[in-house]
Amino acid sequence: MSTADALHTRWTLDAGEHEHVVFLVEGMRCAGCARGIEKAVGGLPGVESVRVNGANARVSVDWRGGAITLPQILDTVSRAGFTPVPLAGSEASRHFQRERRAALKRVGFASLGMMQAMMYLGALYGVSDIDAAMMRLMAVTGMVIVTPVLFYSGAPFLIGAWRDLSQRRVGMDVPVALALLLAWLPSVVNTFRGSGEIYFDSVAMFIFFLSAGRFLEMSVRHRGATAAEALARSLPARVTRLLPDGAREEVAVEALAPGDRFLVPKGAVIAVDARLAPDSAAGTNALLDESLLTGESATVRRADQQLIRGGSLNVGPPLTLIAAASAGNSTLAAIVKLQERAQDEKPRLARAADRAASWFVAVILVLAAVTGALWWSVDPARAFPAVLAVLVVTCPCALSLATPAALAAATTRLARLGILVTRADAIERLAGADTVIMDKTGTLTLPANDIVEIKLLAGTSRDAVLGIAAALERESHHPLAAVFRGHENPDVLAAGIREFEGAGLEGIIAGERWRLGTRAFVAAIAPEGKVVALVRPRADDVTMFLGSEAGLVAALRVGTPLRPGAPQAIAALQAQGLAVIIASGDANAAVQDAARALGVTHAHARLTPYEKIWLLEEQRRHGHRVFAIGDGINDGPVLAAAQVSCAMGEGSAIAQSAADLLLVHEDLSVLPRAVATARRALRVMRQNLGWSLAYNLAAVPAAALGLVSPWLAALGMSLSSLAVVLNARRLAAPGDGS
Amino acid sequence: MSIAYLLVALGLGVFALAVWALFWAIDSGQYEDLEDQGKSILEEEDGSAP
């Protein structure tokens, strides 16, 4: 494989005529930088679209294969002043670690420097009667401490501002860098002159608060990326491939093709979807832990020819597997792609805040200039501190943190509830939903048949009935036999089992002849005697009877039971003001039964996927915003068309890729809590945006009038950012009843 | 007066020491995982046991 090809497989997800790549860039700090990359890459021949997400430093590019190569695109990004980094795997996590360590050092150095500078420079605030030589010593000491803080901890702001200015645009770093240099430079001059104001302590404090804010913002961004990261990172980068002649070679996971044989040692994660090789040393069973994929950490057994999903952990003996899909097409890759899509997209509210912030920066610079000019004509001595205060107090950090902080907190909260957010806008749209359209089979009910009800007709216990039924069904391949699996009692064994087509089963247990099947079939050997009022059968249920020559023993109803928690979930959703509608492809009677049991008045049966969409459109025409929940292939279109949608974790891949949310644990009772979380998130976002605007509107006039000293401005700016982040953190806190 | 120069120099020395210690701690990964290390004492040893 050539280097270019290797680079290609490492970076891109799909290949073909239309190429697509997602990667991280180092050094992106603002909306202005994002536009710089968009402009540079968008201008290349053959590039169809470029999306840059400033919030998590991701760039995604679509281009026509052949017109331009990936190295050329990466080269363009580097020339624009940013370092591209591949997304998945160890490279990206090393990048995160590097970024985090560098940011921690900056914050730590700034905080130590700030405390030291304050101690020495406190002497200059005129509290004690010290002589001029001592004051000079203190000022020099302050300069020695703060200058490295400015050029080490403050470097990202200075570099960012320089990059913005050299590309003729104003980013958020421009007023920040301007304030830092305007405070530092005169302080240095005054130190050497031996008279005048010294602002070293304010500089150190401002840098500390700014870099602490950047650190928080970075943690939020990393946390967003780690959900997909955790999946991608757990996959091994290299596997041992077995060649046809029995030799072994170490290859990159990307090089593994379907049909290749590879070894998986005990305790290793299986890299791609695969099947057990017939001659595997482990025999015909593989012991796996699929917790990475399903969240359930029970050990599962996969017999030969069953598909083993990539991302499973081998907890049994070493395995020889045959790859069933390439790394890019495996189950895990599909989940990772869904998560990544959520992170490439930028929510509408965040985009609005970005646009507002870049306007805001321009307005601040004008305001600062006007303030300086006016004060200069009134009282030149006060012009400088006032300009400084305006620049510092209005740092638009709070504004730019307002939405990402709230969304990250809400996403974390939803993940804890067992709901994965796969589209960026989902939270905002979920908050606005007022109508729920739910599928029945597989969504409100379990996807497989189970015993819904047992009516005991004689004195026999429920367990005994199930034991007998399981013994009779043990050998049967009838679909209904599956519901008795797991109820077997080793002491109850049936002999001479005969299967009567369309009627039932007969067998001898403990010398007695038993029958399980239709009523007429069982009644043929059992004396009818007293016929008890039998269970009222539901439309899609099957009623089976169990009896011996001594009489009828039990009636069993088998069907698809409602999911545990479904009635409570529906009641809670209705209590939240959402109208619930059932839209099912099933027979009318079955749907009406479920609707009655759930307290739903609007239920539609026998709907084709098109009719489901039509139902959705009708709701939309009446001004309703629809939240669709489904699991099957036939739900895919309605999930894609709804304002916001949720797919079941066990559901089909089509449903999952069309949905905005993924219900991992299949527990419907978290849906009302998800709606409540989304509504609170929207409220918090609005509070945050409103609060940061109000803060700036109040602070700017005070600073311009010279009422705010530079250190007070630094404090105010950081408290406003802190308020926004803390307000958002309330969302992630569990245990508040919703 | 001259004692003040000595004390300032000493103070800067301690500051430099603190910065060095912080950078060493960050580079050696002391701040990477603030939770699991505390829990590790509650977990079983996973030496050679199968």
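Nearest heavy-atom pair across R101(A) and S28(B) is NH2-C, 4.4 Å. In this structure, Y120(A) and L12(B) approach most closely via the heavy-atom pair OH-N, 4.0 Å.
Between F23(B) and F109(A), the ring planes are perpendicular. Angles over 60° get that label, and only those under 30° would be called parallel.
Distance check, rounded to the nearest 0.5 Å: NZ of K105(A) to OH of Y31(B) gives 12.5 Å. Here OG1 of T141(A) is found 11.0 Å from CG of L7(B). Values are rounded to the nearest 0.5 Å.
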